[in-house]
Amino acid sequence: MANIAKYDRDDVIHKAMLLFWEKGFNGTSTRDLQQAIDMRPGSIYAAFGSKEQLYSEALECYSREVAAILEQRVADEGSPLAGLESFFRNVVIDRRDTNPSEICMLVKTLSEVRNDQPELMQLCRELLKRTERRFAGILQQAIKKGEIAEHSDPHLLAKHLQVQMIGLRIYMKTSLNTEAVGELIKSVFDSIKAH
């Protein structure tokens with residue numbers, strides 16, 4: 001009879017994701033992981049193979065959670081563009097005090113990992129491209145609904161939004177000015193509507 005894992009894999013990955021997001025890959029020790037996910041080092045390596053593999057799964061978990069927030073916001077607003085704007089406000093402003101870090105975990109990882117961890121760098125790049133593709137799909141819907149000009153390029157606008165999101169999160173961290181950031185978000189989306 002096969003051994004049954006005495007842990008909830010998704011719960012472990014989620015807890016690891018929160019810890020890694022807060023401390024970064026290099027800043028998270030095996031002891032930190034042990035305490036956060038309540039597993040011994042041997043069990044961690046038996047379940048995930050390596051710290052890098054657990055980190056990869058944590059990055060995937062982060063990306064899925066962000067995608068779920070985006071999808072929910074678009075559904076709640078009933079408008080692709082309003083949903084995107086609501087997503088920006090939620091991630092950049094509303095969650096800043098409850099998230100482990102104000103900065104996107106993917107961007108944080110890219111700024112931290114070295115060339116000797118090419119798998120993590122490649123995964124971060126791919127997950128950021130996935131977000132960009134999601135933005136482009138929503139912008140395409142906005143074009144079809146007449147929310148933005150028909151001649152707009154959803155892929156270029158998606159790249160623009162990706163850059164804005166990264167910048168806004170860093171600006172929020174440095175300024176702590178929710179009112180100014182709210183105005184900047186409004187300005188980003190006003191410019192898309194006028195595009």
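Just so you know, these numbers use all the heavy atoms, side chains as well, and skip hydrogens, waters and symmetry mates. We number each residue from 1, following the sequence as shown.
Between Glu65 and His14 the shortest side-chain heavy-atom distance falls below 4.5 Å. Within the 4.5 Å cutoff, the side chain of Cys104 has no heavy atoms near those of the Met165 side chain. When side chains are defined from C-beta on, Arg169 counts as touching Val91, because their heavy atoms get closer than 4.5 Å. With contacts defined as side-chain heavy-atom distances shorter than 4.5 Å, the pair Ile69/Arg95 qualifies. Phe48 has its side chain within reach of Arg9: a pair of non-hydrogen atoms, C-beta onward, lies under 4.5 Å apart. Leu128 places a side-chain heavy atom less than 4.5 Å from the side chain of Leu110. For the pair Glu60/Leu123, a side-chain contact is recorded, criterion being any heavy-atom separation below 4.5 Å from C-beta on. Two residues are said to be in side-chain contact when any heavy atoms from C-beta on lie closer than 4.5 Å; Leu176 and Arg96 meet this criterion.
Remark: the backbone N or O of Asp94 is not paired with any side-chain donor or acceptor of Arg89 at under 3.5 angstrom. No donor-acceptor pair under 3.5 Å is formed between the side chain of Asn90 and the backbone N or O of Phe87. The backbone N or O of Leu120 lies less than 3.5 Å from no partner atom in the side chain of Glu52, so there is not a single donor-acceptor pair. The backbone N or O of Thr28 sits less than 3.5 Å from a side-chain atom of Lys51, completing a donor-acceptor pair. A distance-only check finds no donor-acceptor pair linking the side chain of Lys108 to the backbone of Gly24 [under 3.5 Å].
Between Glu126 and Arg133 the shortest heavy-atom distance is OE2-NH2, 2.7 Å. Of all non-hydrogen atoms in Ser152 and Ala149, the two that sit nearest each other are OG-O, 2.8 Å. Residues Gln141 and Pro80 share a closest heavy-atom pair of CB-CG, 3.7 Å. In terms of heavy atoms, Ala58 sits closest to Met105 at CB-CE, 4.2 Å. Here the closest heavy-atom approach between residue Leu84 and residue Val74 is recorded as N-CG2, 4.2 Å. The two residues Ile93 and Val181 have their closest heavy-atom pair at CG1-CG1, 4.0 Å.
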Please walk me through it: do Arg134 and Arg130 pass side chain to side chain contact (heavy atoms under 4.5 Å, CB included)? CA-CA 6 Å; Arg134 286 188 191 102; Arg130 245 185 248 175; 3.9 Å; yes
Yes or no on side chain to side chain contact (heavy atoms under 4.5 Å, CB included) for Val92 and Leu184, after CA distance, side-chain angles and deciding distance? CA-CA 11 Å; Val92 179; Leu184 288 167; over 6 Å; no
Working note: Ile138 + Leu70, criterion side chain to side chain contact (heavy atoms under 4.5 Å, CB included); need CA distance, chi angles, decisive distance, verdict. CA-CA 10 Å; Ile138 293 166; Leu70 176 57; 3.7 Å; yes
Could you walk me through whether Leu18 and Asn99 satisfy the side chain to side chain contact (heavy atoms under 4.5 Å, CB included) test, starting with their C-alpha distance in whole Å, then the side-chain angles of each, then the deciding distance to 0.1 Å, before giving a yes or no? CA-CA 8 Å; Leu18 294 174; Asn99 282 338; over 6 Å; no
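Within a 6.0 Å sphere centred on CG of Asp11, other residues, nucleotides and ligands contribute more than 12 heavy atoms.
Between the side chains of Ser56 and Glu119, no donor-acceptor pair of N or O atoms lies under 3.5 Å. For the 3.5 Å distance criterion, the side chains of Ser187 and Asp190 fail to qualify, holding no donor opposite an acceptor.
No salt bridge links Glu132 with Arg125; every basic N to acidic carboxylate O contact stays at or beyond 4.0 Å.
Considering NE2 of His155 and CZ of Phe135, their distance stands at 14.5 Å, rounded to 0.5 Å. Rounding to the nearest 0.5 Å places CG of Leu81 at 11.0 Å from NZ of Lys145. If you take CD1 on Ile166 and CG on Leu161, they are separated by 11.0 Å, rounding to the nearest 0.5 Å. We find the CZ-CD distance between Phe189 and Glu147 to be 11.0 Å, quoted to the nearest 0.5 Å. Atom CD in Gln34 sits 8.5 Å away from atom OG in Ser29 (nearest 0.5 Å). For the atom pair Glu57 CD and Gln53 CD, the distance stands at 5.0 Å (nearest 0.5 Å).
Under a hydrophobic clustering in which Ile, Leu, Val, Met, Phe, Trp and Tyr are joined whenever their side-chain heavy atoms come within less than 4.5 Å, directly or via other members, Leu157 and Val188 fall into the same cluster.
The ring pair (Phe, Tyr, Trp, His ring centres under 6.0 Å) search around Phe25 returns Tyr55, not counting sequence neighbours.
For Tyr62 and Phe20, the ring centers are positioned 6.0 Å apart or more.
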